[in-house]
There are 2 protein chains.
Amino acid sequence: MIRCIKCNQVHAITKSGIVRGKQRYRCKDCNLFFTFPDKEGKPTPVRQQQAPTIRDIATELNISKSTVSRALQAHSDINEHTRNAVIDMARKLNYHPNLLAKSLVNKKSNTIGIIVPEFVNYFFPTLIIGAQEVAARAGYNVIICQSQESAKTEVANVNVLLSSRVEGVIVSMTKETKQYDHFRTFEKLSIPMVFFNRICEPLDTSRVTVNDYEGAFKGVEHLIKNGFTKIAHIAGPGNLLLSHNRLKGYQDALKKYRMPINDKYIIPYNLTDSHARKCAQKLLQLRDRPDAIFCLNDVCTTQALLVAKEMGIAVPQELGIVGFGNNPLSAYIEPSLTTIEQPVHEMGRVAMDILIDHITKGYGQYTPVHRTLATKLVVRASSVK
Amino acid sequence: MIRCIKCNQVHAITKSGIVRGKQRYRCKDCNLFFTFPDKEGKPTPVRQQQAPTIRDIATELNISKSTVSRALQAHSDINEHTRNAVIDMARKLNYHPNLLAKSLVNKKSNTIGIIVPEFVNYFFPTLIIGAQEVAARAGYNVIICQSQESAKTEVANVNVLLSSRVEGVIVSMTKETKQYDHFRTFEKLSIPMVFFNRICEPLDTSRVTVNDYEGAFKGVEHLIKNGFTKIAHIAGPGNLLLSHNRLKGYQDALKKYRMPINDKYIIPYNLTDSHARKCAQKLLQLRDRPDAIFCLNDVCTTQALLVAKEMGIAVPQELGIVGFGNNPLSAYIEPSLTTIEQPVHEMGRVAMDILIDHITKGYGQYTPVHRTLATKLVVRASSVK
DNA sequence: TTGAAAGCGCTAACAT
DNA sequence: ATGTTAGCGCTTTCAA
């Protein structure tokens, strides 16, 4: 039984948040906020303005909450005069609708989740920008989660999004993800998913990728045509389809030009900066050193170049390099890097477009689509002797 | 009066979201989801699993909602056996607590808002990573907003965060922000704010910045000591305190070494890539061309270097360049860039630490702090003849 | 230790 | 055109 520390009554007390770990109460009658002291001493009154609600507007104008609600939603059955009064009062009180309450009653959170492995490396932040543009235009908020390349964190991310009652999700998996039960929960609840870049093959969802196979093929073919004969590949983690596709593109290009495929020249890379260095070092210390490297992504391309420079290996004369991604650094680093360009912004926009389409159509009213965006070979200094 | 299309009764019908723009209903008795067809034809049944609620768990176990709620919160007054049964059932039903409902009743959203002008350029994404790390550890979700350097969008961002009932905000203003009423709303509602990097002077909130003045001073001093005598400055927008501080540092360094301050050598830059180019061009086309440039940030530093290269001006022999920020590109571009390093990750972590401290302490229980982080001069090729 | 009931801020069916 | 009422999923008092 809580009594107001001012008027001493008991019936108008509500809880109102937690302050310094202690329950704060509010007396509706005297509009006083207070907590109770730990042991002795006087109670600490805490004055704090609460965000106004439609109820406040209604009281102020002596009308009902529903009328206020209708006025605010520009409902048709509302008197122009009443509406204006409500809108004015809302502005005057600095009213902001409580999205939590709205979502709860509408069973619609207006929120979309995005899960990416990281966002340091140009690709994911850029993609998110594209996706957010589209979402914002459609009136959706976005919750961005970083799985930090950890499958465990990814599961936690999924739980957060589930609890936030997102209406759809856009995902690029971690390099460790091999189990998909967490994603299946979305499926069960008919929450549409769009995978991009690092897609989940076993799940029948929409996907947005670039043409990894063709990009890799073009990159390696370009090296071959420029006279490189011992072409190595720094390859990606085995659980990611894009690793396989790029590897396949590499292999098929070699096959097409009847060049041997040397297993020693294919080296798996775990996507960390430090490991990229090691992979490059390992390749360049081989007895029969490759004269070119096709790299899985921008990060390892940069590292390969740096390692080559450190070892005094001239690029492109003694070592041709082709990367994948075309991040801004590729153009500025010396020598500038030949690379496979992918439309990152567009990828984000397309993924979000598809997701919103699915959300709008609703369960059972859409079929998953697989969009493959085009890549482009950008020739720079690192691959032309 | 809505009737179930299957059992024809009327009392067990609830709304259940919107499908294809049409209201979907659910009959609780037959657990059938349906919508009504537009004109004629049969109704379209839509089967869709709803997320389970504590009610589902309660029904399943033949206990009350309150008991379930208590069990799930590890409340003390609960039978061990009951708790386990509830937890098992929760897992079995794949229950995820509805954060919207929870937040509504607790008046605590567990959400923090971040507003940044953009996130293409290394600085902001990196900072957000730091901030998110801390927030995640403290159990807070984060809503990230991009104001896109537009004051109008920034106001919209604030409204979104207000409606999402965030418990605190971290902000870096746009280059246009000159009016602060939107931020004052947070103040009125006692929602703590922490500004970083681009702070809002008139507001008495916590701030995290780097030592812009000192950084600039050191950078310019370094140029002077390396024999540069006609040092220009590409300066920032006037509404940002950091622009003034860096400019002041530049001016004071010149003064200290009794060098003239030439107004033609101070050129305002609006933070866009294309304008950075123009500023550099303008400086380098001056009759009395400067022999060094101290640049406001990484973006314009890069552009200055590129323009110099295009014009055939040798860096550092004919033009010394010092930047501010030390993004990864600075080290890789040729010649590598001397720059003022700022601890970006840490800045994010510190800002979030302070914010969470404020949130935890509660209104009136904390005083705003101003934290200034140290910068460091990183000497590379672009400034040493 | 448990259940019943009220209420968080909002929308919408229904009554007026 | 407006008010009344119920309910979204949850927590918390109060009563048992």
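Just so we're clear, the structure is a prediction, and the values are computed from it rather than from any experiment. The chains referred to below are lettered A, B, ... by the order of the sequence lines, with proteins before strands, and numbering in each begins at 1.
Two residues are said to be in side-chain contact when any heavy atoms from C-beta on lie closer than 4.5 Å; B/Thr111 and B/Val142 fail this criterion.
Rounded to a whole Å, the NZ atom of B/Lys102 is 22 Å from the P atom of C/dG7. Atom CG of A/Asn62 and atom P of D/dT2 are 13 Å apart (whole Å). Following rounding to the nearest Å, A/Ile54 (CD1) and D/dG3 (C1') show an atom-to-atom distance of 13 Å. Here the C1' atom of nucleotide C/dG3 and the NZ atom of B/Lys65 are 11 Å apart, to the nearest Å. Distance, A/Gln73 CD to C/dG9 C1': 13 Å, rounded to whole Å. In this structure, CZ of A/Arg70 is placed 11 Å from P of C/dA13, rounded to the nearest angstrom. Put simply, CG on A/Leu100 is 15 Å from P on D/dG9, counting in whole angstrom units. Taking atom CG of B/Asn106 as the reference point, atom P of C/dG9 lies 12 Å away to the nearest angstrom.
Using a 4.0 Å heavy-atom cutoff across all strands shown, B/Ile63 reaches sugar-phosphate atoms only and no base atom. Within 4.0 Å (heavy atoms only), A/Thr53 reaches sugar-phosphate atoms of the nucleic acid but no base atom. Heavy atoms of A/Thr82 sit under 4.0 angstrom from primed sugar atoms or phosphate atoms, though from no base atom. B/Ile78 comes within 4.0 angstrom of sugar-phosphate atoms only, judged by non-hydrogen atoms across all strands, and of no base.
Between B/Ser66 and B/Leu104, the one whose closest nucleotide on DNA chain C sits nearer the 5' end is B/Ser66. Nearest-nucleotide assignment on DNA chain D puts the 5′-proximal partner with A/Asn79, out of A/Asn79 and B/Ala101.
Judged by atom type and distance alone, B/Arg165 does not reach the base of C/dG9 through any side-chain donor-acceptor pair under 3.5 Å.
For the helix from C/dT1-D/dA16 to C/dT16-D/dA1, the end axes, each set by the C1' atoms of five terminal pairs, are bent relative to each other by 40° (nearest 10°).
Ranking C/dT11, D/dG9, D/dT12 by closeness to the A/Lys107 side chain, first place goes to D/dG9. Of the candidate nucleotides D/dG7, D/dT11, D/dC10, D/dC10 has the atom nearest to the side chain of B/Tyr95.
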- request: Would you please test B/Asn157 and B/Ser147 for side chain to side chain donor-acceptor pair (under 3.5 Å) and show each step?
  value: CA-CA 7 Å; B/Asn157 293 155; B/Ser147 55; 4.7 Å; no
query: Going through the checks in order, is the side chain to side chain donor-acceptor pair (under 3.5 Å) test met by A/Ser190 and B/Gln49?
result: CA-CA 7 Å; A/Ser190 350; B/Gln49 172 135 14; over 6 Å; no
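Taken to the nearest 0.5 Å, the CD1 atom of A/Ile78 stands 10.0 Å off from the CG atom of A/Asn84.
No donor-acceptor pair closer than 3.5 Å links the side chain of A/Thr177 to the backbone N or O of A/Met173.
By the 4.0 Å N-to-carboxylate-O rule, B/Lys361 lies close enough to B/Asp357 to be salt-bridged with it.
Between B/His358 and B/Tyr366, the ring planes are parallel. Angles under 30° get that label, and only those over 60° would be called perpendicular.
Contact annotation: A/Thr67 side-chain N/O to D/dT2 OP1/OP2 distance is not under 4.0 Å. In terms of phosphate contacts, A/Ser64 brings no side-chain nitrogen or oxygen within less than 4.0 Å of OP1 or OP2 of D/dT4.
Checked by atom type, the side-chain pair A/Ser69/A/Gln73 shows a donor-acceptor distance below 3.5 Å.
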